[in-house]
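Before any comments, here is the structure.
Letters go in sequence order (proteins before strands), and every chain restarts at 1. The shown structure was predicted, so the numbers you read here are calculated from the model rather than taken from an experiment.
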There are 2 protein chains.
Amino acid sequence: MSTEPRKYKPGKIREHNSQKILEAAECEFVKHGYKGTSMQSIADAAELPKANVHYYFKSKAKLYNAVLGDILQRWNEVLADMSEEGDPAETLENYIRAKVDLSIRFPQASKIFATEIIQGAPNLKEHIRTDLRHWVRSKTKIIESWIDQGKMTPVDPEHLIFMIWSTTQHYADFETQVLTITNKLEYEQEDVKKISDFLCHMILTGCGLKPTTSLA
Amino acid sequence: MSTEPRKYKPGKIREHNSQKILEAAECEFVKHGYKGTSMQSIADAAELPKANVHYYFKSKAKLYNAVLGDILQRWNEVLADMSEEGDPAETLENYIRAKVDLSIRFPQASKIFATEIIQGAPNLKEHIRTDLRHWVRSKTKIIESWIDQGKMTPVDPEHLIFMIWSTTQHYADFETQVLTITNKLEYEQEDVKKISDFLCHMILTGCGLKPTTSLA
DNA sequence: GTCTATACAAGGATAGAC
DNA sequence: GTCTATCCTTGTATAGAC
């Protein structure tokens, strides 16, 4: 009877539940870290029995790695297409704005990534040593070529990248501190613009470049 | 017999053990977060029985708060004496160098502080809302007065402070990532100088100021 | 595919011997 | 003051009913 006219397609429920679990897990891992998070609390947040979480993700470690994978994927969408022929000011500004945007929109992702690295990157060390290092190498080469072409002030390209990462991600990771100090409940559109404009001004000026937007 | 000629003064052992526990706890809390750290692992790291840790610090929560207190105290040693009459370039440069120095020397303190804020600052919200906010207010006033005096470019003082915090603390919190990408095992003296020089150049230039040290 | 019931280990905390 | 033995809770994981 109830087996013939299915309300949902076979994989539909699975997909839906998996997604709910992943979102709940992301939220819990942010608040208590990997070891500090229990499968029970994830199940509660996902409104599913604990055994269900195990059924879908086998173990806590596998679930955590699934969450990390999701985050890295989102991260990789902002890979900044730089080229030696491109304009440094425009390229850097685009990258900074994209990173700020990502930090404001997905602070949780940034927070889990940060926690993972703070704790010594036990699950990401390989990714950093290979993928991320290569990405940085390719970008520093382009920045060096810009410098050789006299397009910008000679600054250390690696530290420039670290500066962009640290300043943009700060608004996600230290969200609580920033909002509390500025006496706000959440970021507004104008805050995002102000932050991006400020960071573009500071970083581009430091590189001897002229930001397209001036400060208020 | 053994009660008369004491080898150590009464409070001596207590002080020594407390210190050992605090150091061990700091180390464990960095690696696994508050909830993820067990009293057993702290006791093991301090080379004492578990019950001893409870004897000295009553509960895990109290021990964690003791660790946080220690960190805040160290933090407050770098309060940067700014004044409206002072020189912006010199003042900012001193502050940046002091912060980099602290990050390199005590990365663990920075990491615990970062983890605490990432998780929503459950134990530090009050401190941020009162002490830290007041500190920031007093500094922004001074920076604003520098701007009014035409001593520097008009940039948002709050975001300037956030930039100094984020860029300097990055070298502590994201130590693992920075070292892995730059293919190093640990920071060397010349790295510290390079980082400080770079940050001073970028931040001061962005403020329309001239760093005392030029880039290589 | 879903969930209840349960096995078994680990964690926080304390009583009480030394 | 120090530490062993123990209590009770919570955690991960799974077996087996539905």
In this structure, how many angstroms lie between the [atom2] atom of [N] and the [atom1] atom of [X], rounded?
X: A:Glu15; N: C:dG1; atom1: CD; atom2: P; result: 12 Å
X: A:Phe57; N: D:dA13; atom1: CZ; atom2: C1'; result: 16 Å
X: B:Glu47; N: D:dT2; atom1: CD; atom2: C1'; result: 16 Å
X: B:Asp44; N: C:dA10; atom1: CG; atom2: C1'; result: 13 Å
X: B:Tyr55; N: D:dT2; atom1: OH; atom2: C1'; result: 8 Å
X: B:Lys60; N: C:dA13; atom1: NZ; atom2: P; result: 8 Å
X: A:Met39; N: C:dT6; atom1: CE; atom2: P; result: 21 Å

Give a yes/no on whether any side-chain N or O of [X] is located under 4.0 angstrom from OP1 or OP2 of [N].
X: A:Ser38; N: D:dG11; result: yes
X: B:Asn17; N: D:dG1; result: no
X: A:His54; N: D:dT14; result: no
X: B:Asn52; N: D:dT4; result: no

Tell me whether the rings of B:Phe162 and A:His170 are parallel (<30°), tilted (30 to 60°) or perpendicular (>60°). tilted
(message) Whether the side chain of B:Lys50 and the base of C:dG12 hold a donor-acceptor pair under 3.5 Å is what I'd like checked.
(response) yes
Next on the checklist: Within a 6.0 Å radius of atom CG on B:Asp81, are there more than 12 heavy atoms belonging to other residues, nucleotides or ligands?
Outcome noted: no
Q.
Heavy atoms only, 4.0 Å cut-off, all strands: where does B:Tyr56 land among base, sugar-phosphate and nothing?
A. sugar-phosphate
Under a 3.5 Å distance rule, please check whether B:Ser110 uses its side chain to pair with a backbone N or O of B:Pro107 as donor and acceptor. no
Judged by nearest nucleotide, the residue sitting upstream toward the 5' end of DNA chain D, B:Ala51 or A:Thr37, is B:Ala51
Under a 3.5 Å cutoff, is there a donor and acceptor pairing between the side chains of B:Tyr34 and B:Glu28? no
With the side chain defined as heavy atoms from C-beta on, A:Pro49 is closest, among C:dC3, C:dT2, D:dT4, to C:dC3
Rounded to the nearest 0.5 Å, the NZ atom of B:Lys99 sits from the CH2 atom of B:Trp165 at a distance of 7.5 Å
